[in-house]
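In this text the structure is predicted, and so the values were computed from the model without any measurement.
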Amino acid sequence: MKDIFMVQLDWSTTDADGIDTELYEDYGNAYDRYKEIITEQLKNFWQGEVVFDTDGDPGKDYEFSEEDNNSNESEVYRHLSLKDDYYFHTFVDLLRVPLYTKHEDSPVFTVRYGGSEYTFTEGAKALLFHAGADSDAVKQKDLPDFTEKVYACYITDSNDTNLLKLADYVAEHWKSLQKADRYAILEKYYSEAEL
């Protein structure tokens, strides 16, 4: 099985967030792009507010971790976030990932609901779709968006989140959370939900 190299930028501000990924066959090209993204983030995202001292410390207002061995043997990363607002961050990672080819016998989950058919490759998404369909607050046209949003929250969260409780919470508050990003949803969930 062949490995490829993924450069991933996970970023978030108070009003937007995203995950950008790029794939490379060659480690050297991936590492060069990894370093470019770090430079771009310091220049544009942090707008010159972060100044690293000679020991590589950005100061007491920031959480910072880095592994940059450039050895092609282990993961390389650079994570920077505000200490008092973890959701304001840039995480840049260079990961070695195996390249899998699609198998014809991979499971597919098909849900028929309201005269339409929805297909998922993850069983958890079919479960989330069902949770949204059971709610009076989520309209049928919003079910795919609801499913993807709750799933993104679930895979982002580092806690041992109960998937159905999270889905029920988001469904109950769907009108106010529909346009919120995954970090804002998780923050509200942990501050308001009965866990």
About how many Å separate [atom2] of [Y] and [atom1] of [X], when rounded to the nearest 0.5 Å?
X: Lys83; Y: Glu63; atom1: NZ; atom2: CD; answer: 5.0 Å
X: Asn69; Y: Glu67; atom1: CG; atom2: CD; answer: 4.5 Å
X: Glu172; Y: Asp168; atom1: CD; atom2: CG; answer: 8.5 Å
X: Arg182; Y: Glu187; atom1: CZ; atom2: CD; answer: 13.5 Å
X: Thr156; Y: Ile185; atom1: OG1; atom2: CD1; answer: 10.0 Å

So do [Y] and [X] actually touch side chain to side chain, heavy atoms under 4.5 Å?
X: Leu80; Y: Arg78; result: no
X: Asp84; Y: Asp61; result: no
X: Leu9; Y: Gln41; result: yes

- Are Ile155 and Leu177 connected in the hydrophobic side-chain network, where two residues link if heavy atoms are under 4.5 Å apart? yes

- Joint hydrophobic cluster, Tyr169 plus Tyr190, side-chain heavy atoms closer than 4.5 Å: yes

- Indicate yes or no for a side-chain donor-acceptor contact from Tyr183 to the backbone of Phe88 under 3.5 Å, with no hydrogens or angles considered. no

- Query: Checking Gln140 side chain against Tyr113 main chain: does a donor-acceptor pair fall under 3.5 Å?
  - Reply: yes

- Message: Test of understanding: with side chain to side chain contact (heavy atoms under 4.5 Å, CB included), list the residues that count as partners of Leu23, not counting sequence neighbours.
- Response: Ile4, Met6

- By side chain to side chain contact (heavy atoms under 4.5 Å, CB included) - contacts of Leu127 (at least two apart): Leu163, Leu164

For [X] and [Y], which heavy atoms make the closest approach, and how far apart are they?
X: Arg112; Y: Glu117; value: NE-OE1, 3.0 Å
X: Ala131; Y: Ala167; value: CB-CB, 3.9 Å
X: Leu143; Y: Ala133; value: CD2-N, 3.4 Å
X: Ala30; Y: Leu94; value: CB-CD1, 3.6 Å
X: Val138; Y: Gly132; value: CB-O, 3.7 Å

- If the plane angle is over 60° it's perpendicular, under 30° parallel, otherwise tilted; pick one for Phe120 and Tyr118. parallel

- Message: Between Glu25 and Phe5, is the side chain to side chain contact (heavy atoms under 4.5 Å, CB included) condition met? List the steps.
- Response: CA-CA 6 Å; Glu25 286 186 64; Phe5 303 96; over 6 Å; no

- Message: Please determine whether side chain to side chain donor-acceptor pair (under 3.5 Å) holds for the pair Tyr24 and Glu22, giving the CA-CA distance in whole Å, both sets of side-chain angles, and the decisive distance to 0.1 Å.
- Response: CA-CA 7 Å; Tyr24 294 86; Glu22 298 177 21; 2.6 Å; yes

- Item | Pair listing, salt bridge (Lys or Arg N to Asp or Glu O under 4.0 Å) test, anchored in residues 128-148, at least two apart | Lys125-Glu148

- Query: Would the Phe109 and His130 ring centres measure less than 6.0 Å apart?
  - Reply: no

- Query: Just checking, is any N or O donor in the side chain of His89 or Asp10 under 3.5 Å from an acceptor N or O on the other one?
  - Reply: yes

- Task: Could you pull out all residues at least two apart from Glu36 that satisfy salt bridge (charged side-chain N to carboxylate O under 4.0 Å, His left out)?
- Result: Arg33

- Message: Going by the rule salt bridge (charged side-chain N to carboxylate O under 4.0 Å, His left out), which residues pair with Lys35 if we only count those two or more places apart in sequence or in a different chain?
- Response: Asp68

- What ring-ring contact (aromatic ring centres under 6.0 Å, His included) pairs are there with at least one residue in residues 137-162, not counting sequence neighbours? Phe146-Trp174

- Does the side chain to side chain contact (heavy atoms under 4.5 Å, CB included) test come out yes or no for Gln8 and Asp20, once each step is laid out? CA-CA 6 Å; Gln8 178 174 284; Asp20 304 324; over 6 Å; no

- Picking from Asp93, Leu95, Val92, what satisfies side chain to side chain contact (heavy atoms under 4.5 Å, CB included) with Tyr77? Asp93

- Message: Run the side chain to side chain contact (heavy atoms under 4.5 Å, CB included) test on Phe91 and Trp11 for me, step by step, so that the C-alpha distance in whole Å, both residues' side-chain angles and the decisive distance to 0.1 Å come before the verdict.
- Response: CA-CA 6 Å; Phe91 298 154; Trp11 62 273; over 6 Å; no

- Message: Using a strict threshold of under 4.0 Å (side-chain N to carboxylate O), is an ion pair present between Asp3 and Arg96?
- Response: yes

- Message: Show, in sequence, the C-alpha distance, side-chain angles and deciding distance for Leu166 and Cys153, and conclude whether the side chain to side chain contact (heavy atoms under 4.5 Å, CB included) test is met.
- Response: CA-CA 9 Å; Leu166 175 63; Cys153 290; 4.0 Å; yes

